[in-house]
Amino acid sequence: MMSQQNGVPPLVTALKSSALKNAASFHFPGHNRGHAAPASLTQLIGRTAFVHDLPVLPELGNLFCPHGPILEAQVEAAKLFGSSHTWFLVGGTTSGIQAAIMATCSPGEFLILPRNSHISAISALVLSGAVPKYIIPHSVNHWHIAAAVTPSQVLKAIEELEMEGKKAAAVFITSPTYHGICSNLSKISELCHSRKIPLIVDEAHGAHFGFDSKLPKSALQQGADLIVQSTHKVLCSLTQSSMLHMSGNIVDKEKICGCLRTLQTTSPSFLLLASLDAARAQLSENPDIAFNQAIALADEAKCVLKQIPGISLLENSSFPASPAVDPLRLTVGFWNLGLSGYEADEILYKDDEVIGELVGNTCITYVLNLGTCREHVERLLLGIKRLAETYASIQQPEKKVVNVDAPFDDIITSLIPRDAFFASKRRVAIRESIGEVAGELICPYPPGVPVLIPGEVITQKIVDYLLHVRSKGAEINGPSDSSLSSIVVCGKL
């Protein structure tokens with residue numbers, strides 16, 4: 001367990017003190033400490049946010065040359081989470097993942113990563129020029145959810161490169177996944193370190209890990225070298241604020257600093273930075289018991305859900321290769337009612353104003369956090385009960401939910417992502433794109449996992465899958481034609 005740290009938030013304190021000054025302001029931003037804040041927004045959130053929306057000032061410190069309150073805040077965060085160094089991020093976990101990959105992988109070097117990695121890892125391949133060595137994830141039974149990456153899969157990828165006389169510059173793992181499924185990072189980190197390969201972990205969904213005996217161990221506790229967390233997801237900082245943690249001495253700290261200077265804005269929001277400091281201070285007050293109520297509510301909800309006819313609940317036993325599943329995730333399947341996740345979500349939102357986090361073809365994932373209240377959990381359970389009663393009685397036996405896995409099993413890469421990104425392009429009708437090389441990234445959202453990456457050959461299975469998920473209501477991010485009637489491919493006319 002982690003020891004309690006001093007909870008005083010130095011950056012929040014400094015921001016408050018600076019905002020209270022009766023300064024003659026001849027600096028940015030243009031709203032001038034709220035004096036010219038747009039009325040339409042102040043009517044919504046008040047002037048206080050604008051008053052504290054300050055630029056880099058001597059008493060606040062500089063994100064890219066940390067000193068004073070910013071440095072103090074990052075040091076306190078490192079103590080709480082157990083890192084050797086922590087950086088605050090205002091470009092979300094995306095900027096942290098990009099910096100971690102760019103700092104470890106030079107152009108032409110190999111990065112081992114799951115093919116279902118978040119879009120930010122793919123953009124990092126474009127930025128770094130690294131060559132991907134993909135691990136193809138396994139899908140689990142009715143859920144059609146990607147399982148954890150196993151140590152044996154990582155070892156196989158490393159050895160395949162070694163047989164070709166090559167070495168991985170880094171290994172990148174997403175743990176937990178969006179559905180809360182964890183990989184065995186302890187064994188994977190041992191495997192990587194035996195070959196002096198740094199392990200990068202996208203822990204966007206696991207910033208709360210390690211603070212309770214019922215929560216999985218954090219990536220830092222399991223020996224990872226670079227860990228990126230979305231502090232705004234389950235913890236309580238403002239959206240877009242994240243942290244990058246470093247442990248060990250395999251990675252050059254100055255390279256990380258240089259990459260972050262390249263990727264992040266030179267005008268960082270002190271509201272975002274202060275929210276990271278505040279979230280750290282909030283958690284450090286009672287780190288060992290902070291999640292007790294949320295975990296108890298989740299456990300109660302699971303007991304009820306397992307008793308509802310026609311409803312399936314994702315449990316640890318569904319993923320034998322995974323050492324843990326985040327107990328604060330409720331992933332509920334509706335296929336036995338003849339409903340897709342999209343259809344169930346639409347009904348629950350319309351009838352009960354219940355909003356899930358991740359909607360898929362077969363299921364919905366709900367996330368509990370420090371702010372979750374019993375009344376909302378009860379509303380969720382009553383809504384699912386009512387939905388189950390309604391559709392169990394009217395379901396037509398012949399109606400079935402069509403399950404289609406993302407077609408990752410026969411990927412053919414023609415160009416590395418960076419070369420494809422900068423190649424000449426042309427547009428073709430999507431049905432005429434089969435056999436062409438993708439020139440743009442196509443990513444159904446959620447969960448933000450690309451189905452097509454620039455440089456991959458477009459197949460019939462990929463086209464069928466994309467058109468299927470779009471017909472079921474998924475939003476398609478990335479392509480210039482969001483209707484998917486056409487697609488951009490590499491090569492001149």
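Computed from heavy atoms alone, side chains included, the values below leave out hydrogens, waters and symmetry copies. Throughout, residue positions are numbered sequentially from 1 according to the sequence presented.
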> What closest approach, in Å, do Phe88 and Gln74 show between heavy atoms, and which atom pair accounts for it?
Replying inline: N-OE1, 2.9 Å
> So does Lys350 pair up with Glu346, basic N to acidic O under 4.0 Å?
Replying inline: no
> So is Arg261 actually on top of Phe64's ring, under 6.0 Å and inside 45° of the axis?
Replying inline: no
>> Just verifying a value: how many Å separate Ser128 OG and Ile416 CD1, rounded to the nearest 0.5 Å?
In response: 8.0 Å
>> I need the minimum non-hydrogen distance between Cys182 and Pro323, along with the two atoms involved.
In response: O-CD, 3.2 Å
>> If you compare all heavy atoms of Pro327 against all heavy atoms of Leu215, which two are closest, and at what distance to 0.1 Å?
In response: CG-CD2, 3.7 Å
>> If you compare all heavy atoms of Leu185 against all heavy atoms of Leu199, which two are closest, and at what distance to 0.1 Å?
In response: O-CD2, 4.3 Å
>> Ring-plane angle category for Phe50 and His31, please: parallel below 30°, perpendicular beyond 60°, tilted otherwise.
In response: perpendicular
> Going from CD1 on Ile200 to CD1 on Ile112, what distance comes out if it is rounded to the nearest 0.5 angstrom?
Replying inline: 11.5 Å
>> Could you check whether Asn32 and His27, counting side-chain N and O atoms only, form a donor-acceptor pair closer than 3.5 Å?
In response: no
> Which atom names give the shortest non-hydrogen contact between Cys363 and Trp143, and what distance separates them?
Replying inline: CB-CZ3, 3.8 Å
>> Is it the case that the side chains of Arg427 and Ser480 hold a donor-acceptor pair, with the cut-off being a distance below 3.5 Å and no angle test?
In response: yes
>> Are there over 12 heavy-atom neighbours, none belonging to Lys133, within less than 6.0 Å of that residue's NZ?
In response: yes
>> Testing the basics here: between Ser175 and Val201, what is the closest heavy-atom pair and its distance to 0.1 Å?
In response: O-CG1, 3.7 Å
> Pairs in or reaching into residues 236-284: which pass ring pair (Phe, Tyr, Trp, His ring centres under 6.0 Å), with residues at least two apart or in two chains?
Replying inline: Phe81-His245
> So, Ser18 and Glu59: side-chain donor and acceptor under 3.5 Å apart, yes or no?
Replying inline: yes
>> Enumerate the side chain to side chain donor-acceptor pair (under 3.5 Å) contacts for residues 89-110, please, sequence neighbours excluded, ordered by first and then second residue.
In response: Thr93-Ser230, Thr93-Ser242, Gln98-Ser123
>> I'd like to know if Lys187 and Glu190 make a salt bridge, using a cut-off of under 4.0 Å between side-chain N and carboxylate O.
In response: no
